[in-house]
Protein chains: 2
Amino acid sequence: MTSEASRRTPTLEDVAKAAGVSRATVSRVVNGITSVDPRIRTVVTQAIEATGYIPNAAARTLVNRRSGTVALVISGSDGSADQIFRDPFFGRIAGGVVRHLRSGGMHPTLMLADSDQARRDAVDFVRRGNADGALLVSTHAGDLLPRLFVDAGIPAVLFARPAVPVPISFVDLDHEAGAALAADRLADLGCRRVVTIAGPADLPAANDRLSGFQRAMERRGVPYVDVVRGNFTAESGEQAMAELLDAVPDADGVFAANDLMAVGALRVLHERGRSVPGDVALIGFDDSEPALMARPRLTTVAQPVEDMAARMTAILLDQLGTPATKLTSVVFTPELIIRESA
Amino acid sequence: MTSEASRRTPTLEDVAKAAGVSRATVSRVVNGITSVDPRIRTVVTQAIEATGYIPNAAARTLVNRRSGTVALVISGSDGSADQIFRDPFFGRIAGGVVRHLRSGGMHPTLMLADSDQARRDAVDFVRRGNADGALLVSTHAGDLLPRLFVDAGIPAVLFARPAVPVPISFVDLDHEAGAALAADRLADLGCRRVVTIAGPADLPAANDRLSGFQRAMERRGVPYVDVVRGNFTAESGEQAMAELLDAVPDADGVFAANDLMAVGALRVLHERGRSVPGDVALIGFDDSEPALMARPRLTTVAQPVEDMAARMTAILLDQLGTPATKLTSVVFTPELIIRESA
DNA sequence: GAGCCGCGAGAGAGCGCTCTCTCATCTCTC
DNA sequence: GAGAGATGAGAGAGCGCTCTCTCGCGGCTC
C-alpha cells in the first residue's frame with residue numbers, strides 16, 4: 001500500500017485493486033448481491049478488511065436518491081425552543097422514533113421549527129435530499145408546517161391530528177375516549193360536583209378532552225361541569241384550581257387535561273385543606289413522570305407516546321417504500337391508570 | 001420547459017440552460033461568490049427562481065467532504081434506551097445543541113448507543129461521512145464510546161469528563177465546587193448533623209459531588225457525614241433517606257446528589273414528620289424541573305446544561321474548522337439556587 | 001496604437017458509488 | 001462434441017456538484 005493510499009480513506013477502487021477484481025464486483029460484495037463466486041467473495045471481503053474500507057454515504061445517496069435519514073421536526077410556537085425540549089413529551093417521542101428507526105439502520109435528524117424561517121428551512125433540508133421524509137410533531141394550532149411539507153410533496157407523517165385539515169398521514173390518540181374514561185371513574189366514585197381544568201382552546205387535543213369529558217359526565221347524570229382553561233403547565237394548573245375552588249367550594253372531583261396541571265391542582269387542593277382522594281378525587285392525563293412522582297400518585301389517562309411515535313415512524317417508512325401515496329391515520333386507544341388520587 | 005424537465009427536480013445544469021450561462025456560473029451565484037457580474041447574477045437568480053432549483057446535498061457533500069451534520073450520540077448502559085430519553089437532561093442537552101447548531105445551518109442526527117453494536121454503528125455512521133463530527137453524551141462509567149471515536153480519528157466532544165482517561169475535548173461542571181456550595185449553605189444554616197445521598201459509585205460526577213461535599217463540610221467543622229448511595233431516581237432517594245433517618249434520627253441537613261433523589265428524600269422526610277426546612281434543611285443538585293415543582297421548592301445547585309451543550313457544540317464546530325487537533329476542555333461553575341428547602 | 005494586466009465566464013475533470021449492458025466462461029443437452 | 005443457456009465478472013456511463021485552469025475581453029500605460 002503506497003503512502004498516498006494510506007492517507008486517503010480507501011474507496012471501492014482501492015479495494016478492487018487490492019483484490020484484483022473490478023469495482024463493480026466489490027460493490028456487489030458490499031451490497032450483498034448473491035451472484036458472486038464464493039471464492040471471489042472471500043478475497044474481496046479480505047481486501048475490504050485489509051484496506052479498512054467503508055462506503056461513502058454521499059456517493060451512495062447521490063446515485064440511490066436515498067439518504068437513510070428522516071427529519072424529526074419539532075414545531076412550536078415562535079421562540080419556544082427551550083420550552084419544547086424540556087417537555088418530557090419530546091423525549092418520549094424521540095425514544096419511540098429512534099428505537100423504531102434503528103431497526104432499519106436509519107437515524108433521525110433533529111430539527112426545531114419555531115419560526116417561519118425555521119419551518120421553511122426544515123422543508124428545504126428534506127428537499128435537498130438530506131432526508132427521505134419527515135416526522136412532524138406539531139404542538140400548536142394553526143401550524144402551517146404540515147401544509148408546507150404536503151405542498152412540497154415530501155413524505156411526512158404527523159404526530160397528532162392536524163389542527164387544520166391537511167391531506168397527511170398521522171397518528172393520534174382518542175382524546176375524547178380518554179376523557180370519558182376519567183369521567184366514568186369520577187362518576188363511579190360517586191363524584192357529583194365535578195370540575196375540569198382544560199387545555200388551550202387552540203389545541204384540538206385539548207378541546208377533544210374537554211368535550212369528551214363533558215359529554216361522558218352528562219351521560220352519567222352530571223350535565224354541568226365548571227371549566228377553567230390552563231396552558232398545560234403546573235403553574236396554570238394551580239391558578240385554575242384556585243379559581244375553580246372559589247367558584248365551586250364543594251367540588252368533589254377534578255379532571256385535569258394533563259398531569260402537569262393536575263400536579264398544580266394537587267398542590268392547591270392540599271393548601272386549601274382538601275384531602276385527595278378523600279375529599280376530592282383527581283385525575284390527570286398523559287401518565288407522565290410527574291404523575292408517578294406526585295403524592296398521592298396520580299390516577300391518569302395513559303397515552304402510549306412511545307408506541308405512537310414508533311407507529312408514526314412505521315407509517316413513514318412504509319410510504320417511503322411504496323411511492324403510491326395513500327394516507328394512513330391511526331388512532332390509539334387510551335387507558336386509565338388507577339393509582340391513588342382517584 | 002419540457003415536460004421531462006418539469007418532472008425531475010431541476011439541477012444546476014437546468015438553471016444554467018435557462019439562464020444561458022455555464023454551470024460554473026450558476027454555482028458561483030448559488031454559493032455567493034462575489035466575482036460575478038451583477039447583471040448576470042440577476043439573470044441567474046431569476047432562473048433559479050423560475051426553475052425552483054434547490055441544491056442537492058449529496059452531490060455537494062461528495063465533493064466538499066462536508067455533510068453539515070453532526071452526530072449527537074447518547075450513550076447509555078445496555079438496554080437503557082427508553083430510560084435515557086425520559087431523563088429531562090437529554091432534552092436540555094438537545095435544546096442547547098440544536099440552538100447552537102442552527103446558527104450555522106447545521107443539524108444533529110440523533111443516535112442512541114446502548115449496546116456495543118450501536119456504539120460501533122455510531123462510529124461507522126460518521127466514518128461514512130454522514131456527519132462531520134460527534135457530540136458524545138456518556139451517562140455511564142467505563143464507557144468505551146469516547147475511545148472508539150478517538151481511535152477512529154473523528155472530531156468529537158464529550159459532555160462530562162471521561163470516566164477513563166481519553167484524549168478528547170469535553171465540557172464539564174465543577175461538581176466538587178457545586179457540592180461545596182451546598183455544604184456551605186447547610187453550615188451557614190447551622191446544620192451539624194448532616195447526611196448525604198450520593199450517586200452511583202461508578203460515575204465520576206457522583207463521586208466528585210460526594211467528595212466535594214465531605215471536604216467542604218469538614219472545613220466547616222463537620223468531619224463526619226453519613227452517606228448512602230442512590231441511583232439518581234426518586235425511588236432510590238426515598239430508600240436512602242429512610243436508611244439515613246434510621247441511622248441518624250436527629251439529622252438536620254441533607255444534601256442529595258441530584259434533584260430527583262432530593263424529591264424522594266423530601267417525601268420520606270414528610271412521612272416521618274420532619275418539616276422542611278424547619279427540622280431538616282434539604283439541598284438538591286441540577287436545578288431541574290422537579291426541583292421547582294416540589295413543595296417546598298428545592299434549594300439546589302444549578303448546572304447550566306443548555307449552556308454547556310451549546311459550548312460543547314461550539315468546541316466541535318471549532319475543531320471542524322481547524323483540523324489542527326488541539327484538545328479543549330471547559331469546566332463550568334455551578335451556582336446555588338436558594339429556594340425554600342434550605 | 002501596441003502590449004499588459006486583471007476581471008470574470010466557460011470547459012472539464014473529478015468526488016465515490018451504482019447499475020445496466022456486454023462479454024467470457026462453464027455446464028448441460030441431444 | 002457442438003450449440004444453447006446459464007452464470008458471473010468487467011466496462012462505462014452517469015448521479016449533481018465544485019473548483020481549477022484556461023481564455024476572452026476591456027481598460028490601462030507608455
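So you know, we letter chains A, B, ... as the sequences are listed, proteins then strands, and number each from 1. Any value given below was found using the heavy atoms of this structure, including those in side chains, with hydrogens, waters and symmetry copies removed.
Nearer to the 5' terminus of DNA chain D, by closest-nucleotide assignment, is the contact made by Gly20(A) (compared with the other of Arg65(A) and Gly20(A)).
Atom CG in Asn56(B) sits about 18 Å away from atom P in dC15(C), given to the nearest Å. Rounded to whole Å, the distance from CZ on Arg66(A) to C1' on dC15(D) is 16 Å. Rounded to an integer number of Å, the gap from CG of Asn130(A) to P of dC17(D) is 13 Å. Between the P atom of dC7(C) and the CD1 atom of Ile40(B) lies a distance of 16 Å, rounded to the nearest Å. Distance CD1 (Ile54(B)) to C1' (dC17(D)): 14 Å, rounded to an integer number of Å. Leu62(B) places its CG atom 17 Å from the P atom of dG14(D), with the value rounded to the nearest Å. Atom pair Lys17(A):NZ and dG10(D):P shows a separation of 14 Å (rounding to whole Å applied). At whole-Å resolution of the value, CG in Asp37(A) and C1' in dT25(C) are 12 Å apart.
Taking the ring pair (Phe, Tyr, Trp, His ring centres under 6.0 Å) definition, one finds that Phe170(B) meets it with nothing, sequence neighbours left out. The ring pair (Phe, Tyr, Trp, His ring centres under 6.0 Å) check on Phe149(B) picks up nothing, with sequence neighbours excluded.
The structure places CZ of Arg23(B) at 7.5 Å from CG of Leu12(B), a figure rounded to the nearest 0.5 Å.
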Quiz prompt | Asp318(A) and Lys326(A): CA distance, side-chain angles, deciding distance, salt bridge (charged side-chain N to carboxylate O under 4.0 Å, His left out) verdict | solution = CA-CA 10 Å; Asp318(A) 192 53; Lys326(A) 58 168 185 346; 3.5 Å; yes
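Close to dG10(C), at under 4.0 Å from its OP1 or OP2, lies a side-chain N or O of Thr25(B). Remark: Ser22(B) is in phosphate contact with dG10(C), judged by side-chain N or O atoms under 4.0 Å from OP1 or OP2.
Salt bridge annotation for Asp151(A)-Arg147(A): present, with a cationic side-chain nitrogen under 4.0 angstrom from a carboxylate oxygen.
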Practice problem: Can you check each nucleotide of nucleotides 18-26 of chain D against protein heavy atoms at under 4.0 Å and return B for base, S for sugar-phosphate only, - for none, in 5' to 3' order? | Solution: BBB------
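Under the 30°/60° scheme for interplanar angles, the aromatic rings of Phe125(B) and His107(A) are found to stand perpendicular.
Residues Ser75(A) and Asp143(A) bring a donor and an acceptor atom of their side chains to less than 3.5 Å of each other.
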